[in-house]
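I have placed the structure first, in the form of structure tokens, so that the comments after it can refer back to it.
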Amino acid sequence: MATRTDLDGRPIKPMTICMIGAGGFIGSHLCEKLMSETPHKVLALDVYNDKIKHLLEPDSLPWAGRIQFHRLNIKHDSRLEGLIKMADLVINLAAICTPADYNTRPLDTIYSNFIDALPVVKYCSENNKRLIHFSTCEVYGKTIGSFLPKDSPLRQDPAYYVLKEDTSPCIFGSIEKQRWSYACAKQLIERLIYAEGAENGLEFTVVRPFNWIGPRMDFIPGIDGPSEGVPRVLACFSNNLLRREPLKLVDGGESQRTFIYIKDAIEAVLLMIENPDRANGHIFNVGNPNNEVTVRQLAEMMTKVYAKVSGETVLESPTVDVSSKEFYGEGYDDSDKRIPDMTIINKQLGWNPKTSLWDLLESTLTYQHRTYAEAIKKSIAKPSAS
């Protein structure tokens with residue numbers, strides 16, 4: 001392997017990375033990238049390893065010996081500090097991050113995103129280990145613009161809705177809207193990490209993902225996740241398409257979102273890993289402002305893309321409207337728009353996302369059709385045991 005250099009032309013030294021939550025969607029893609037394109041070692045920590053099995057066996061893989069899986073739950077495992085001590089860098093991806101859980105399991109949500117992350121921050125600080133912590137775009141909450149009158153022309157002014165790491169306020173709903181339990185826990189751990197940096201010199205980078213999309217994301221209920229589970233919007237829509245059901249639009253699908261391809265986002269993370277001088281002390285939005293759609297437009301586009309990749313005809317009524325109370329239960333609330341400002345990541349790391357929304361949907365739905373279509377046909381054909 002030719003000597004790889006960082007953005008300032010310095011050779012990149014091989015490092016050992018302790019990755020917590022390595023078995024999840026983002027972790028699996030990051031492990032793939034680290035194994036195939038870098039000399040770094042990964043201590044992969046998670047409760048499950050299904051999504052990284054292809055990296056762990058057989059022993060003849062070119063990176064054999066550079067990735068080690070440790071099955072552990074960070075909640076209560078005395079091995080955690082020892083593994084952090086063995087590493088040069090710690091990446092924490094562990095979290096509960098499905099909106100359906102935020103208001104039905106608020107305690108688990110707060111514990112997993114704040115309490116369980118505390119020892120990781122503490123061990124990094126005490127042992128002088130650099131930390132890349134994964135937060136969420138949800139920490140921004142609602143936009144300033146959402147509080148303006150519906151017909152206000154200012155709603156179209158980017159100053160009222162584009163989200164900036166260093167200046168945008170974090171605006172949450174009232175306490176009874178438990179959907180904000182996740183965002184609030186994530187914001188508090190960010191504040192704690194920032195304070196550890198200011199008071200104790202912790203070297204940190206915080207990542208705020210804006211809807212990262214691609215193969216292996218979330219789960220398909222009843223196939224590789226609980227039947228009654230509700231994954232995030234894109235996997236919900238994929239599930240409906242695979243089962244030939246109408247796509248459920250919560251509250252008319254008026255919320256606006258931006259979506260970014262996982263492979264583009266992982267490029268940004270690799271730049272953070274290998275350019276500590278440029279990434280330390282920063283919070284980075286990682287999203288694609290060019291791929292902005294309403295949830296209704298997303299449903300329409302996914303319906304077209306799925307028809308193309310599967311060869312199946314489109315349903316006569318491809319979408320159906322449901323209320324958020326019906327879909328998520330009591331206490332749900334939402335953010336109206338989530339458009340990331342990209343100035344800081346662009347300036348520090350020179351990074352820009354490349355993949356269009358159509359292309360990322362085609363890649364994701366091709367994978368999901370190939371992976372799940374047969375299993376779903378079998379599950380539908382098989383009468384339930386009830």
Side-chain angles (χ1 to χ4, degrees), residues 17-38 40 42-56 67 69-70 74 87 89-99 101 109 112-113 116-117 120 131-139 182 186 189-190 193 204-220 224-225 231-235 238 257-274 279 283-288 291 338 340 345 349 351 353-355 360 363-364 367-368 371:
I17 300 168
C18 174
M19 194 187 301
I20 299 161
F25 162 54
I26 296 172
S28 70
H29 285 274
L30 185 51
C31 286
E32 271 182 357
K33 182 91 171 165
L34 289 166
M35 291 304 107
S36 61
E37 294 182 25
T38 80
H40 308 314
V42 174
L43 305 171
L45 281 54
D46 212 319
V47 185
Y48 305 108
N49 66 2
D50 313 13
K51 293 183 182 186
I52 52 169
K53 253 201 171 93
H54 63 294
L55 300 173
L56 301 171
I67 181 166
F69 178 68
H70 296 265
I74 58 168
L89 163 69
V90 176
I91 300 177
N92 191 5
L93 290 150
I96 284 183
C97 51
T98 39
D101 291 330
T109 300
S112 98
N113 291 293
D116 298 347
V120 177
L131 171 65
I132 297 180
H133 184 84
F134 274 70
S135 184
T136 169
C137 59
E138 290 234 355
V139 297
Y182 172 70
K186 283 288 203 183
I189 199 77
E190 277 199 32
I193 290 166
F204 73 87
T205 303
V206 169
V207 183
R208 290 182 181 163
F210 281 71
N211 297 80
W212 295 11
I213 302 301
R216 300 195 291 275
M217 71 171 293
D218 285 9
F219 59 91
I220 297 296
D224 58 358
R232 285 170 288 190
V233 62
L234 202 123
S238 301
R257 295 288 181 268
T258 57
F259 295 91
I260 178 171
Y261 190 42
I262 183 69
K263 291 194 178 352
D264 289 354
I266 292 297
E267 290 280 346
V269 180
L270 187 61
L271 287 167
M272 294 173 208
I273 291 170
E274 297 188 328
I283 296 171
F284 291 117
N285 287 341
V286 181
N288 188 340
N291 287 345
R338 287 206 206 119
I345 194 164
L349 303 173
W351 175 85
K354 303 190 262 303
T355 312
L360 75 85
S363 158
T364 307
Y367 168 84
Q368 289 177 328
T371 310

For His29, ring-ring contact (aromatic ring centres under 6.0 Å, His included) partners two or more places apart: Phe25

Interatomic spacing from NE2 in His40 to CG in Leu89 - rounded to 0.5 Å: 9.0 Å

Side chain to side chain contact (heavy atoms under 4.5 Å, CB included) evaluation trace for Ile20 with Val90: CA-CA 8 Å; Ile20 299 161; Val90 176; 3.9 Å; yes

Thr355 vs Lys263, side chain to side chain contact (heavy atoms under 4.5 Å, CB included): CA-CA, chis, key distance, verdict: CA-CA 9 Å; Thr355 312; Lys263 291 194 178 352; over 6 Å; no

Closest heavy-atom pair and its distance - Ile262, Pro215: CG2-CD, 4.4 Å

Pairing of Arg208 and Glu190 as salt bridge, 4.0 angstrom limit: yes

Approximate separation, where rounding is to 0.5 Å, of Leu93 CG and His133 NE2: 9.0 Å

Residue among Leu34, Ile132, Ile52, Ile67 satisfying side-chain contact (heavy atoms from CB on, under 4.5 Å) with Met19: Leu34

Spacing of OG belonging to Ser28 relative to CD1 belonging to Ile266, to within rounding of 0.5 Å: 8.0 Å

Heavy-atom closest pair, residues Gly24 and Asp46: N-OD2, 3.5 Å

Side-chain donor or acceptor of Lys51 paired with backbone N/O of Arg216 under 3.5 Å: yes

With Phe134 via ring-ring contact (aromatic ring centres under 6.0 Å, His included) - residues at least two apart: Trp212

Euclidean distance, Asn211 CG relative to Thr258 OG1, rounded to 0.5 Å: 6.0 Å

Considering all heavy atoms, the nearest Trp351-Asp264 contact: NE1-O, 3.1 Å

Worked check of side chain to side chain contact (heavy atoms under 4.5 Å, CB included) between Ile273 and Lys33: CA-CA 12 Å; Ile273 291 170; Lys33 182 91 171 165; over 6 Å; no

Which atom of Val139 lies closest to which atom of Ser135, heavy atoms considered: CG1-OG, 3.6 Å

Taking every non-hydrogen atom, the tightest pair across Asn49 and Leu56: ND2-CD1, 3.7 Å

Interatomic distance, Cys137 atom SG to Asn285 atom CG [nearest 0.5 angstrom]: 8.5 Å

For the student: nearest non-hydrogen atoms of His70 and Leu43, plus distance: NE2-CD2, 4.1 Å

Criterion side chain to side chain contact (heavy atoms under 4.5 Å, CB included) on Thr38 and Glu274, from CA distance to verdict: CA-CA 10 Å; Thr38 80; Glu274 297 188 328; 3.8 Å; yes

Separation between CG of Leu234 and CD1 of Ile213, rounded to the nearest 0.5 Å: 4.5 Å

Donor-acceptor contact below 3.5 Å, side chain Asn291 vs main chain Phe259: yes

Backbone N/O of Ala279 and side chain of Thr205: donor-acceptor pair under 3.5 Å: yes

